[in-house]
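The structure under discussion appears below in the form of structure tokens.
The chain is numbered in sequence order, starting from 1.
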Amino acid sequence: MESVIGDAAKKQFEFFIDEHREALQRCLDGLTEEQARRSLVPSRTTLLGLVKHVTFVEKVWFDEAVTGRPRAEIGIPETPDESFALGDDDTIASVQQAHREACENARQATASLELTDILPGNRRGPLPLRFVYLHVLRELAQHCGHADILREQILADDGATS
């Protein structure tokens, strides 16, 4: 019985995580490269930077935490702030593709795990998958809100509607 309940809860977490992943993918739809890179706040936060950052989040929580591989080996920055930085070669298409790949890799990394399984590689120490799912869901939801506001502002500034 416990396994059935755990499986149902895991599927619910995954449903909501995927829903937020897709929303972040869509926040770039129909935008120009300039709009996606437009900075409206003092931080590095842009729509393109948000999607690049959540790609980092996926790799931190579903590669580093699951495998224990160091960030340098994974190919991600050491700090979250650095993950918002955009290079000249970052485009809507390339950032969306990297995000899709990171999400698919995350799904594969956790497919055989249960919510009570302990992930050994997080910098905070070993954590159960349930904690990781809750943390990622919270972070994705927060960034979806950021993306909604930034997109609305960009489209309003350009006289368009979403």
Side-chain angles (χ1 to χ4, degrees), residues 9-66 69-110 119 121-124 127 129-162:
K10 184 179 179 199
K11 286 180 181 168
Q12 290 170 350
F13 279 122
E14 291 169 344
F15 173 83
F16 286 111
I17 289 170
D18 279 340
E19 190 172 60
H20 287 81
R21 286 169 171 158
E22 291 169 21
L24 284 158
Q25 276 284 322
R26 288 190 313 268
C27 80
L28 298 171
D29 288 353
L31 298 181
T32 66
E33 295 293 334
E34 182 278 326
Q35 288 172 318
R37 287 175 168 272
R38 191 176 300 167
S39 179
L40 300 171
V41 294
S43 70
R44 290 181 168 174
T45 305
T46 63
L47 284 172
L48 193 61
L50 271 175
V51 178
K52 189 170 181 180
H53 169 70
V54 295
T55 302
F56 165 84
V57 168
E58 296 283 344
K59 292 178 180 185
V60 165
W61 290 102
F62 299 118
D63 190 337
E64 180 182 36
V66 172
R69 292 190 320 148
R71 291 180 183 190
E73 184 180 318
I74 297 168
I76 57 175
E78 282 299 314
T79 68
D81 187 51
E82 294 172 276
S83 70
F84 285 90
L86 297 172
D88 291 340
D89 57 339
D90 287 322
T91 65
I92 292 171
S94 70
V95 170
Q96 282 181 318
Q97 181 60 32
H99 182 248
R100 279 191 294 274
E101 289 171 6
C103 293
E104 183 54 34
N105 290 339
R107 287 183 200 96
Q108 290 176 12
T110 58
L119 306 184
N122 186 267
R123 292 178 175 196
R124 298 176 189 184
L127 297 167
L129 180 60
R130 178 186 310 274
F131 176 94
V132 171
Y133 274 2
L134 283 167
H135 177 83
V136 169
L137 182 57
R138 179 186 61 87
E139 186 153 346
L140 293 177
Q142 180 181 14
H143 292 317
C144 280
H146 296 146
D148 284 346
I149 292 167
L150 290 174
R151 184 178 170 90
E152 182 179 337
Q153 186 63 51
I154 288 165
L155 295 175
D157 287 351
D158 292 348
T161 59
S162 62

- Using a 4.5 Å cut-off on heavy atoms from C-beta on, say whether the side chain of Phe62 contacts that of Val136. yes
- Task: For Thr91 and Glu33, work out which heavy atoms get closest and say how close.
- Result: CA-OE1, 3.4 Å
- About how many Å separate OG1 of Thr110 and OH of Tyr133, when rounded to the nearest 0.5 Å? 3.5 Å
- Can a donor-acceptor pair be found between the side chains of Glu139 and His53 at a distance below 3.5 Å? yes
- Distance, nearest 0.5 Å, that separates CD of Glu19 from CG of Leu24: 11.5 Å
- Message: Side chains of Arg107 and Ile17, heavy atoms from C-beta outward: is any pair under 4.5 Å?
- Response: no
- Task: Evaluate the criterion side-chain contact (heavy atoms from CB on, under 4.5 Å) for residue pair His99 and Val54; output intermediate values, then yes/no.
- Result: CA-CA 7 Å; His99 182 248; Val54 295; 3.5 Å; yes
- Tell me, with the steps shown, if Arg130 and Leu134 meet side-chain contact (heavy atoms from CB on, under 4.5 Å). CA-CA 6 Å; Arg130 178 186 310 274; Leu134 283 167; 4.2 Å; yes
- Query: His20 and Ala141: which non-hydrogen atoms are nearest, and at how many Å?
  - Reply: CD2-CA, 3.5 Å
- Item | Distance (rounded to the nearest 0.5 Å) between Thr46 OG1 and Leu40 CG | 9.0 Å
- Task: Spell out, as yes or no, whether a donor-acceptor pair under 3.5 Å connects the side chain of Thr55 to the backbone of Val51.
- Result: yes
- Message: Rounded at 0.5 Å granularity, tell me how far CD in Glu82 sits from CZ in Arg71.
- Response: 9.5 Å
- Should the ring pair His143 and His146 be called parallel, tilted or perpendicular, given that the plane angle runs from 0 to 90° and is split at 30 and 60? tilted
- Item | No-hydrogen, no-angle side-chain donor-acceptor test under 3.5 Å, Gln97 and Ser94 | no
- Message: Quick test of your reading of the model: are Arg123 and Glu78 salt-bridged, counting only N-O distances below 4.0 Å?
- Response: yes
- With the side chain counted from C-beta on, respond yes when Pro77 and Phe56 share a heavy-atom pair under 4.5 Å apart, and no when they do not. yes
- Would you say the side chains of Glu101 and Asn105 form a donor-acceptor pair under 3.5 Å? no
- Query: Can you tell if the side chain of Arg151 reaches within under 4.5 Å of the side chain of Leu31, non-hydrogen atoms only?
  - Reply: yes
- Query: Do Trp61 and Leu129 come within less than 4.5 Å of each other through their side chains, counting heavy atoms only?
  - Reply: no
- Message: Using only atom types and a distance under 3.5 Å, with no angle test, would you say the side chain of Glu58 pairs donor to acceptor with the backbone of Cys103?
- Response: no
- Message: Does this structure show an ion pair linking Asp90 with Arg37, if we count only N-O contacts that are shorter than 4.0 Å?
- Response: no
- Message: For a quick test of reading the model, state the closest non-hydrogen atom pair linking Leu28 to Ala36 and the distance between them.
- Response: CD2-CB, 3.9 Å
- Message: With a 4.5 Å cut-off on side-chain heavy atoms, are Lys11 and Phe16 touching?
- Response: no
- Charged N-O contact under 4.0 Å between Arg38 and Glu34: yes
- Task: Please assess His135 against Arg124 for the test side-chain contact (heavy atoms from CB on, under 4.5 Å), listing each intermediate value before the final yes or no.
- Result: CA-CA 13 Å; His135 177 83; Arg124 298 176 189 184; 3.9 Å; yes
- Query: How long is the gap from CD on Glu14 to CZ on Arg21, to the nearest 0.5 Å?
  - Reply: 8.0 Å
- Message: With a 3.5 Å distance limit and no angle check, can you tell me whether Gln153 reaches the backbone of Leu150 through a side-chain donor-acceptor pair?
- Response: no
- Do NZ/NE/NH1/NH2 and the carboxylate oxygens of Lys59 and Glu64 come within less than 4.0 Å? no
- Item | Distance in Å, Asp157 CG paired with Glu152 CD, rounded so as to fall on 0.5 Å steps | 10.5 Å
- Tell me, with the steps shown, if Asp148 and Cys27 meet side-chain contact (heavy atoms from CB on, under 4.5 Å). CA-CA 7 Å; Asp148 284 346; Cys27 80; 6.0 Å; no
